[in-house]
Trainee: 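The structure under discussion is supplied below as structure tokens; questions concerning it will follow.
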There are 2 protein chains.
Amino acid sequence: MKKEIKKVPVVDRRIQRTKKLLFDAFMNLILEKGYEEVTIQDIIDKANVGRSTFYAHFESKEQLLSNSHQDLGKLLFSVNNHSKIEGIDFLSLYNHAKSHSHVAKAMLGKKGGDLVINHLRDAMAYKILNELKKKSGKGKAELKMLSFTAEATAAALTRLLTCWLDDDMPFEPELMTERSNQILATIL
Amino acid sequence: MKKEIKKVPVVDRRIQRTKKLLFDAFMNLILEKGYEEVTIQDIIDKANVGRSTFYAHFESKEQLLSNSHQDLGKLLFSVNNHSKIEGIDFLSLYNHAKSHSHVAKAMLGKKGGDLVINHLRDAMAYKILNELKKKSGKGKAELKMLSFTAEATAAALTRLLTCWLDDDMPFEPELMTERSNQILATIL
DNA sequence: CCGTAAACATACATTGTGTTCAATAACATA
DNA sequence: TATGTTATTGAACACAATGTATGTTTACGG
């Protein structure tokens with residue numbers, strides 16, 4: 001048999017470099033002029049990358065964004081091994097946001113688009129609804145109002161995070177976690 | 001004296017017609033393909049209005065939108081003469097949304113942009129913060145957290161409305177008002 | 001009916017988009 | 001280090017939307 005050992009798909013360094021250049025340029029441009037105003041032309045200019053190179057990797061700025069914000073989503077609340085409660089790990093969320101505040105502000109701040117924010121909110125709503133279902137009847141109307149409640153609560157929690165970021169994180173993650181759990185507790 | 005009675009600045013019928021054509025076309029286009037996708041070209045095509053005519057009245061689609069959504073904002077919660085509480089008149093809000101559901105969905109639904117939604121949320125947050133200030137200390141940190149709470153609550157209430165619209169208003173305005181006031185009560 | 005002003009068609013320069021292609025440079029690996 | 005592979009480049013292209021300008025036509029209000 002031939003060498004089947006090296007199955008690790010080593011990513012070409014050029015690709016890593018290009019993607020990082022594009023992503024960093026995008027983040028900075030968002031903070032400069034706001035998500036909507038940033039064009040692909042802006043990005044490739046600032047990154048100093050050929051036009052065709054951009055389209056070799058992404059097909060839009062949305063895709064360039066969502067490429068890297070999936071990691072965020074996962075890291076934030078999908079797998080929280082240490083937490084016994086299977087709810088949302090707000091402390092990890094706030095700590096992670098704080099230690100990557102530059103990117104976090106670009107993605108979730110007021111200059112950023114609503115794409116990532118809404119995605120985060122939707123994911124939260126899904127989790128919350130699951131929790132709510134456990135503690136309630138199964139009537140059709142009741143279930144619908146329950147999902148509205150989940151959506152509203154997720155919106156509140158997301159807003160709390162984005163305000164905190166936009167205000168340059170004036171409180172410690174621990175305090176924000178406490179406040180978040182308070183809000184969550186009022187509806188559970 | 002001459003006739004000073006008719007001080008009403010009668011708006012040229014052509015202007016009214018043009019603006020209505022553009023606005024209606026815009027609303028329908030939003031519901032068809034989503035706010036971001038709609039171009040000015042689309043709007044003037046569907047409205048069957050000359051390109052230069054559009055720019056004679058508006059300088060962007062955002063302005064075309066905000067032109068008419070100010071009325072909405074006012075009608076919703078700025079002046080509520082009949083309500084004794086100087087809070088937010090949710091019943092008027094939901095009733096108004098229901099009786100103009102086509103426009104309301106275009107402006108606040110998931111196909112609509114986040115421009116109007118965020119504006120509504122901000123206005124709510126402002127009102128809520130004022131209420132909160134009355135019932136709390138004036139410490140600097142305390143005030144800041146209070147404003148976060150106001151923002152979060154406003155986000156929740158706004159989300160409740162938009163979900164209700166997107167779900168084709170499955171409950172009566174009275175019930176939604178009750179739920180809204182419940183949410184508000186938990187933080188006041 | 002008439003003077004005014006809105007709407008019109010048209011043209012134009014500008015900018016961004018998305019794709020193609022041959023030439024070049026950087027890469028992984030042997 | 002040599003070699004085959006692959007990412008990147010720059011240029012060109014067609015296309016669509018933007019925003020502005022102009023002279024003409026149309027419809028309004030008085």
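Side chains included, hydrogens not; waters and symmetry mates left out as well; all remaining heavy atoms used.
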Trainee: Is there a side-chain contact between A:R121 and A:Y126 (heavy atoms, below 4.5 Å)?
Mentor: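 A side-chain contact under 4.5 Å is absent here.
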
Trainee: Step by step, would you call B:K105 with B:D168 a side-chain contact (heavy atoms from CB on, under 4.5 Å)?
Mentor: CA-CA 9 Å; B:K105 283 187 80 161; B:D168 291 314; 2.6 Å; yes

Trainee: Rounded off to whole Å, could you give me the CD-to-P distance for the A:E37 and C:dT15 pair?
Mentor: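 Rounding to the nearest Å, CD of A:E37 and P of C:dT15 are 16 Å apart.
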
Trainee: Taking 5' to 3' order, which nucleotide of DNA chain D is first and which is last to have an atom within less than 4.0 Å of a heavy atom in chain B?
Mentor: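 In short, chain B contacts DNA chain D from D:dA17 to D:dG29.
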
Trainee: Does a side-chain N-to-carboxylate-O contact under 4.0 Å join B:D166 and B:K111?
Mentor: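 Salt bridge: no.
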
Trainee: Would you say A:H102 and A:N28 are linked by a side-chain donor-acceptor pair, where the criterion is simply a distance under 3.5 Å?
Mentor: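 Yes, A:H102 and A:N28 have a side-chain donor paired with an acceptor closer than 3.5 Å.
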
Trainee: For B:F26 and B:Y35, take the angle between the two ring planes, folded into 0 to 90°, and tell me which bin it lands in: parallel under 30, tilted 30 to 60, perpendicular over 60.
Mentor: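 Tilted: the ring planes of B:F26 and B:Y35 meet at 30° to 60°.
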
Trainee: How many Å lie between CD on B:Q16 and P on C:dA7, as a whole number?
Mentor: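 Taking atom P of C:dA7 as the reference, CD of B:Q16 is at 11 Å.
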
Trainee: So do the side chains of B:N118 and B:T158 get within less than 4.5 Å of each other, counting heavy atoms only?
Mentor: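 They are not in contact (no side-chain heavy atoms under 4.5 Å apart), so the answer is no.
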
Trainee: Taking C-beta and beyond as the side chain, do A:L64 and A:F54 meet within less than 4.5 Å on heavy atoms?
Mentor: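 Yes - at least one pair of side-chain heavy atoms lies under 4.5 Å apart.
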
Trainee: Please give, in whole Å, the distance from C:dT19 C1' to A:E59 CD?
Mentor: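 Taking CD of A:E59 and C1' of C:dT19, I get 13 Å after rounding.
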
Trainee: Does the distance from a Lys or Arg side-chain N to an Asp or Glu carboxylate O, for B:R179 and B:E174, drop under 4.0 Å?
Mentor: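 Here B:R179 does not pair with B:E174 in a salt bridge, since their nearest N and O are not under 4.0 Å apart.
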
Trainee: B:D12 CG to C:dG3 C1': how many Å, rounded?
Mentor: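 So the two atoms are 14 Å apart, to the nearest Å.
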
Trainee: Just how far, in rounded Å, is P of C:dA7 from CZ of B:F58?
Mentor: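 From B:F58 CZ to C:dA7 P: 10 Å.
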
Trainee: Taking DNA chain C as the partner, which of residues 39-57 of chain A come within under 4.0 angstrom of it by heavy atom?
Mentor: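 Those residues whose heavy atoms fall under 4.0 Å from DNA chain C, taken from residues 39-57 of chain A in numerical order, are A:T39, A:I40, A:Q41, A:R51, A:S52, A:Y55.
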
Trainee: Taking only Lys NZ, Arg NE, NH1 and NH2, and the carboxylate oxygens of Asp or Glu, determine whether B:D167 and A:K144 approach each other closer than 4.0 Å.
Mentor: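 Yes.
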
Trainee: Do the side chain of A:S136 and the main chain of A:L132 share a donor and acceptor less than 3.5 angstrom apart?
Mentor: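 Not confirmed, A:S136 side chain does not pair with A:L132 backbone.
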
Trainee: Flag the pair B:D12 and B:R17 as a salt bridge only when some basic side-chain nitrogen lies within less than 4.0 angstrom of an acidic carboxylate oxygen.
Mentor: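 Judged by the 4.0 Å cut-off on N to carboxylate O distance, B:D12 and B:R17 do not form a salt bridge.
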
Trainee: For B:R14, answer base if it contacts any base atom (sugar-phosphate contacts may also be present), sugar-phosphate if it contacts only those atoms, and nothing otherwise; contact means non-hydrogen atoms under 4.0 Å.
Mentor: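 Base contact.
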
Trainee: Between the two ends of the helix from C:dC1-D:dG30 to C:dA30-D:dT1, what is the bend in degrees, rounded to 10 degrees, where each end axis spans five pairs?
Mentor: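 One end axis against the other gives 50°.
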
